[in-house]
Amino acid sequence: MNIGDAGITALFGYAVVFFGLILLMIVVYCMSAFFKSREKAVVPEKSAPVVAEEEKIKEPEKPLPVAPGSAGRIKLFDVPDKEAVMIMAIVADTMKKPLNELHFISIREVK
Amino acid sequence: MDILETLRTLASDSGFAGFFSIDGLKNLIMIFVSFFLLYLGIKRKFEPLLLVGIAFGCLLVNISNFFSDGVSSAEALYHPELWDAFLDENSEFFHSYGHIMSQGGLLDILYIGVKSGLYPSLIFLGVGAMTDFGPLLANPKSLLLGAAAQLGVFLAFFGAVCLGFTGEEAASIGIIGGADGPTAIFLTTRLAPHLLGPIAIAAYSYMALIPMIQPRLMNLLTTEKERKVVMIQNRTVSKTEKIIFPIVVAVFVILLLPSTAPLIGCLMLGNLWKECGVTERLSDTVQNALMNIVTVFLGISVGATTVASRFLTLQTLEIVGLGLIAFCFSTVGGLLVGKLMYKLSGGKINPLIGSAGVSAVPMAARVSQIEGQKANPSNFLLMHAMGPNVAGVIGSAIAAGFLLAVFK
């Protein structure tokens, strides 16, 4: 293979990778747009009386069962679930300990 | 019984006598190389799951294989000349696995899984089952970063041709820049199997060195202000989207490039098993048991290809150098498109996530997280960087599929 051919192959190859992933991106955007619109359509379908009835029969919240092997529940203060999970994962990684050997009591955002 | 004759036979048959043969010194050097790789794997924890196996395979093959007139000793665990015959169209043993099975050593038999592309595909099955494509679905623009980070693949390919490598060899060297070990092994076994040893070792070494290579480039190419950008939380992705995604990708990418079928097919099947919710047993098996078994076989059989007489050449040094170039330019490609996205989004995208477009999952994403936190301790880029990171896996498989389609 000569250098000119190699240059063209390299450029064309890089373009093919971009082309493939851009097309995939469009497909993913279409997919997510479809699912978002479906979610929006489902929410208003819930009629008002049903919602009211649901609220009526709402009992005081029972504590959810704890997962097997779990050390209990963690208290989160002004910290979203996702951020809490990330913090726990980072702590476990830094300490080189598996998550199931760590007990987090609470996470509070320092303001 | 002639005791003297017996002692003489034992001495001449021993491996120690092999060190005095023509290539004996090379074997000795490779033995020390294997010790160094073992040190890196065990003490420095550089990709230990694979590197320890590769290093021990390298040790085994070089203490058991002393060439005499280009032929391995009968007790050798790996016989490169059998594989030469396997690849030689004029040989009566061309593509004869039966010949390998009947004449080969233990590592020859294990190597069949590498040569046939079985192990890399099975590794991809496990990788798929361990990967969460949620961050990618939540931010599809990540796919652009995964594409950009394949820059090194094609630059190193071009560089390798300039250095005199054939197109097939250059393609196999370039794919090191994809930072994806199984893909590099898969492509090399198909295009340039004689280069498998140096390419696999370079690919895994650079993947292990990501925390040392990438931060310098990240600091060089981004400003303090860019590194401090805090990205908004991604949307929540529904279960249905996660189930449909692997099916869509498999259909779409394989139709586009059929040569990617073994890698993309296995990656997406593994992911579908993880996400569909009705195949937990299979998902658990491919993530753990199968992945571990294949890793054992893959490591040791790749190590076996580092036979001294073939590994210690100038070509190996060139491959290691080109691999580093490939790796660095892939990181640069991701970072530059990351910077472009930063500008176009009005400063909402942190360009550090671009470097995660090289597919070493999840180490490259972790480096983005660490560097982001160095600039701004309240910054959490991990989930944002996972999008380009998994996009890089798909991107490197597409790059490999393209090179395979061109050169096969």
Side-chain angles (χ1 to χ4, degrees), chain A residues 1-43 68 76 78-96 98 107-111, chain B residues 133 136-148 150-151 153-162 165-168 170-171 174 233-238 240-241 244-245 248-249 252-253 256-257 260 333 366 369 373 378 380 382-383 391 394-396 398-399 401-403 405-407:
Chain A
M1 177 175 245
N2 63 44
I3 293 175
D5 284 346
I8 292 167
T9 308
L11 278 177
F12 187 56
Y14 199 38
V16 166
V17 174
F18 261 101
F19 174 73
L21 289 181
I22 287 172
L23 280 185
L24 195 58
M25 185 177 82
I26 294 166
V27 173
V28 174
Y29 267 121
C30 294
M31 227 170 77
S32 58
F34 171 75
F35 280 101
K36 272 182 203 165
S37 65
R38 235 184 61 166
E39 266 171 36
K40 274 181 195 162
V42 168
V43 173
L76 301 178
D78 298 332
V79 180
D81 287 356
K82 276 198 167 181
E83 275 182 26
V85 170
M86 227 181 314
I87 290 164
M88 288 157 74
I90 292 164
V91 170
D93 183 58
T94 311
M95 295 178 72
K96 305 263 181 271
I107 300 176
R108 184 190 301 270
E109 186 182 352
V110 182
K111 290 182 179 169
Chain B
F133 284 104
L136 176 67
L137 285 163
N139 184 11
K141 286 194 286 285
S142 306
L143 283 159
L144 292 176
L145 296 168
Q150 307 310 315
L151 175 67
V153 173
F154 296 101
L155 274 180
F157 161 77
F158 181 70
V161 171
C162 292
F165 286 94
T166 65
E168 288 84 351
Q233 200 170 326
N234 284 333
R235 75 177 176 92
T236 311
V237 176
S238 71
T240 320
E241 277 177 88
I244 291 173
F245 180 72
V248 168
V249 175
F252 180 76
V253 177
L256 185 71
L257 275 170
T260 59
R366 253 192 246 159
Q369 157 76 13
Q373 277 206 323
S378 65
F380 292 98
L382 189 66
M383 291 316 284
I394 303 173
S396 59
I398 293 179
F402 169 79
L403 293 168
V406 171
F407 292 107

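Note: hydrogens, waters and symmetry copies are ignored here, and every other heavy atom, side chains too, is used. Every chain is numbered from 1, with letters handed out A, B, ... down the list of sequences.
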Could you tell me whether the side chain of [Y] reaches within less than 4.5 Å of the side chain of [X], counting heavy atoms only?
X      : Y      : answer
A:K82  : B:F380 : no
B:V406 : A:F12  : no
A:I22  : B:L144 : yes
A:L24  : B:F252 : yes

Using heavy-atom distances under 4.5 Å, tell me whether [X] contacts chain B through its side chain, its backbone, both, or neither.
X     : answer
A:L11 : neither
A:M86 : side chain
A:V17 : both
A:I26 : neither

Original post:
Looking at B:S238 and A:F35, what are the two nearest heavy atoms and their distance?
Top reply: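 Heavy-atom minimum between the residues: OG-CD2, 4.2 Å.
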
**OP:** Quick one: closest heavy-atom pair of B:P140 and A:V28, and the distance?
**Re:**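 Residues B:P140 and A:V28, closest heavy atoms: CG-CG1, 3.6 Å.
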
Please look at [X] and chain A and tell me whether the side chain, the backbone, both or neither of the residue comes under 4.5 angstrom of a heavy atom of that chain.
X      : answer
B:F245 : both
B:E168 : neither
B:L256 : side chain
B:V237 : neither
B:A171 : neither
B:T166 : neither
B:F407 : side chain
B:L403 : neither

**OP:** Apply side chain to side chain contact (heavy atoms under 4.5 Å, CB included) to the pair A:I3 and B:F158, showing each step before the final yes or no.
**Re:** CA-CA 7 Å; A:I3 293 175; B:F158 181 70; 3.6 Å; yes

Roughly how far, to the nearest 0.5 Å, is the [atom2] atom of [Y] from the [atom1] atom of [X]?
X      : Y      : atom1 : atom2 : result
B:N139 : A:S32  : CG    : OG    : 10.0 Å
A:F18  : B:L151 : CZ    : CG    : 8.5 Å
A:D93  : B:R366 : CG    : CZ    : 4.5 Å
A:L23  : B:L143 : CG    : CG    : 11.0 Å

Original post:
For the side chain of A:Y14 and the backbone of B:A399, is there at least one donor-acceptor N/O pair under 3.5 Å apart?
Top reply: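 Absent.
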
Out of [options], return the one with the most heavy atom pairs under 4.5 angstrom to chain A.
options                : answer
B:L382, B:T236, B:T240 : B:T240
B:L137, B:V161, B:V153 : B:V161
B:A148, B:A160, B:A405 : B:A148

Original post:
Taking only residues two or more places apart in sequence or in another chain, which ones pass salt bridge (charged side-chain N to carboxylate O under 4.0 Å, His left out) with B:E241?
Top reply: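 By the salt bridge (charged side-chain N to carboxylate O under 4.0 Å, His left out) rule, B:E241 matches B:R235.
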
Subject >> A:D81, CG: over 12 other non-hydrogen atoms inside 6.0 angstrom >> reply: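 12 or below, so no.
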
